[in-house]
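Read the structure below first, then the notes.
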Amino acid sequence: MCEARTGAQIMCEALLREGVAVMFGVPGGAIMPFYYAMYEYRDRLHHVLCRHEQGAGHAAEGYARATGRSGVCVATSGPGATNLVTPIADAWMDSTPLVAITGQVSSLVLGKDAFQETDITGITVPITKHNYLVKHVAELPRVFREAFHLATTGRPGPVLIDVTKDAQQAKTVPDWDVTLQLPGYKPTYDGHARQIRAAVQLLGEAERPLIMAGNGVIQSGAAGELLAFAERTGIPVITTLHGLGAFPEDHPLSIGMPGMHGWVHVNRAIQECDVLCNIGGRFDDRVTGNAAKFAPRATVIHVDIDPSEIGKNVRVAVPIVGDARRVLLAMLEQMPPRTATAWLAHIRAMEAKYQGRHKELTRPDTASLMPHDVYAALNRAFAARPAHRVVTDVGQHQMWAAQLIDWRRPRTHITSGGAGTMGFAIPAALGVAMAYPDDTVWAIVGDGGFQMTNQELATIVQESRRNVKVAVINNGYLGMVRQWQEMFEDKRYSGTLLSGPDFATLAGAYGVLGRTVERQEDVDAAIARAWDHAGPVVIDFRVEREVNVYPIVPQGKSLSEMLVGVGEDA
Amino acid sequence: VKHTIVALVQDHPGVLHRVVSLFRRRGYNIESLTVGRSETPDVSRMTIVVDADVEQVTKQLNRLVEVLKVQDVTQDRTVERETVLVKVHAPATNRAGLIALTGARGAKVVDVGATSLVFELTDPPEAVESFIDLLRPLGIKEMIRSGRIAMVRGTQPATPSRPERPRAEPMAPPPTSWAAQADGQGD
């Protein structure tokens, strides 16, 4: 095919060459040539029209996190591009492969404050793995190849491609025989042999070893290797928020989630362990608490594909730069069988003493629906119907979901972690539902986050995503902030009391089945009905309003200083 | 502790922005930063003097796609130079003494004005510093320093090689430095 093509056609063909089948976007002036070309590729390259560019970005993130492939979102210049900034930042914090394509004003007026001109490459420098401003049509094949390569290899992340309108319109005969021009980009995949030997020896001889599994285990597809390694060694496994699903929580070696809202026995185990092997986690401050007092007795092994994460927050004795799966395979080859029975029994004893993972919080003296009733019912439903994926938003409902649901499989727990972006869940659920039309996708969201991006329900309806079910944990507050105000700021509920429309009625206006649940005895039936309903559903769970997430490590405190109730030390 | 870092970067539009943005957002205090062409076409060489955790700085710089190589040369045998241009108040009466004084430090007179002289000195940064201290009492009207540039010296056979970095034996206490292993470039 030696035919001259427009830049916009080349962009479409480049996406097809990268295996892209669906993208999420909103058109506008500077990206119109791309949409013009898209029309002729519409059978192979499906465009989902979102209601807001932020929704398009989170939908692409949801798609990426559920599949492991790069999500693609599209926006025009100026406000279209700036509306993508939040999802790009979110993808950056959570290492999500994302290619964001934005239109830019014509190169003839670039730099002259033209209509809808914004320096989006400048704006996104700190929140992208890399970005491109393309002013010449001939560069497009190479730039697209590089963008997808960067987004999906090494430590995944977002890449933005800003294409001027005239580059989209100009014609050329595309040269697809592109070579990557990335001499400075050489991710390390295989761990250093000597460090791996050192790690194996430490883990073999430790009396109180722990494995902490993070996002990297899921991203590298290492869940099977992790299971094999844990079973070979009998070492208890902790899963971080983004590691949930990397190791089955119903496994005898799974002890739960660490950190600010982790279980007391998990945090105690971290403080007591003698060797801590973190695989694919970045020692976020929500995991470590006060980093200076984190795991004080432990020799730390840190496996991460990004060298800059090693030694950034926590002192590391054995650094292993590499892909989690390859490193685990190499460790498995050398690891002799061992057990840690006494240590595990000690942790289980602490679990029984302090707070079991299924301990119900004290029900206030009311007949109200407790959030925990909803999670218990969801957990029963998830156990009974494995074809599901769950997306959560940010706040109390997110922490309860992480704590109270038994996570079993990778890529079934999708949430906004590092950036903590409220409004993530509804559009991300759309993206997951596009990727997996046969799985039931549950979005669990607070009434605050739901009101930030629920306009994407319209997109869900337009795309006939019958498999999206929304559980709103509605307490009429920005609940996590309210909790902090209650605990640490003398109950000054400043800017946290939140009203809203009747969500069931709102859902109905979108053409979505809406239900309100206010009694504990109605929860299971509502979930079952939603699951079986051949269309999207919103259930408004009106829960007890002032329930707190416990346990909690107050900000800046060490993991040894947990509260399990108001003024109640663990 | 101040560190001198030499970085080779692709000569692309915006690459300086990426480097500076990184330093700004991570709170690394830049003492000086110079950029110029290197011996390789399309590759620029930066010399950065920074007061920060040099291991993190190096690793974060390496994350930038357009950064080709980063070296902390603080402990290496380097040639370091800085150029300063200083305009000094110099009425005709004391010019001769001034020129003799500065000439003794190796500075050149590069401009002669009615009441001022401009001196240029290219020297190791510490010598530049002391040259400026020398002129300060005389009344500096304007000054510009280029910032430090650095280059590792060539191999000198007579010089014994640097001692190796301490190596971690498996059960030994944490090594103080493991940058070389951490970036996968170790032995």
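Naming convention: chains lettered A, B, ... in sequence-line order (proteins, then strands); numbering from 1 in each chain.
More than 12 non-hydrogen atoms from other residues, nucleotides or ligands lie less than 6.0 angstrom from NZ of B:Lys141. Around atom CD of A:Glu207, no more than 12 heavy atoms belonging to other residues, nucleotides or ligands sit under 6.0 Å away. By the neighbour-count criterion of 12 heavy atoms within 6.0 Å, atom CD1 of B:Ile5 is densely surrounded, having more than that number from other residues, nucleotides or ligands. Crowding of B:Arg37 atom CZ: a count of heavy atoms from other residues, nucleotides or ligands under 6.0 Å not exceeding 12.
For B:Arg18, the parts lying under 4.5 angstrom from a heavy atom of chain A are both the backbone and the side chain. Heavy atoms closer than 4.5 Å to chain B are found in the backbone of A:Gln181, but not in its side chain. With a 4.5 angstrom heavy-atom cutoff, A:Asn131 touches chain B via backbone and side-chain atoms both. In this structure, no portion of A:Asp304 lies under 4.5 Å from any heavy atom of chain B. The contact between B:Val67 and chain A is made entirely by backbone atoms, counting heavy-atom distances below 4.5 Å. In this structure, the portion of A:Leu150 lying under 4.5 Å from any heavy atom of chain B is its side chain and not its backbone.
Panel note: side chain B:Gln56, backbone A:Ser308; a donor-acceptor pair is recorded below 3.5 Å. Side-chain atoms of B:Lys59 do not come within 3.5 Å of backbone N or O of A:Lys312 as any donor-acceptor pair.
Between B:Glu55 atom CD and A:Ile310 atom CD1 the span is 9.5 Å, to the nearest 0.5 Å. The line from CD1 of A:Ile127 to OG of B:Ser21 is 10.0 Å long, rounded to the nearest 0.5 Å.
Taking both residues in full, the closest heavy atoms of A:Gly184 and B:Leu68 are given as N-CD2, 3.5 Å, listed atom of the first, atom of the second, then distance.
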*I would like to know whether B:Arg63 and A:Lys129 meet side chain to side chain contact (heavy atoms under 4.5 Å, CB included); could you show each step before the answer?*
CA-CA 8 Å; B:Arg63 283 178 90 187; A:Lys129 202 166 160 184; over 6 Å; no
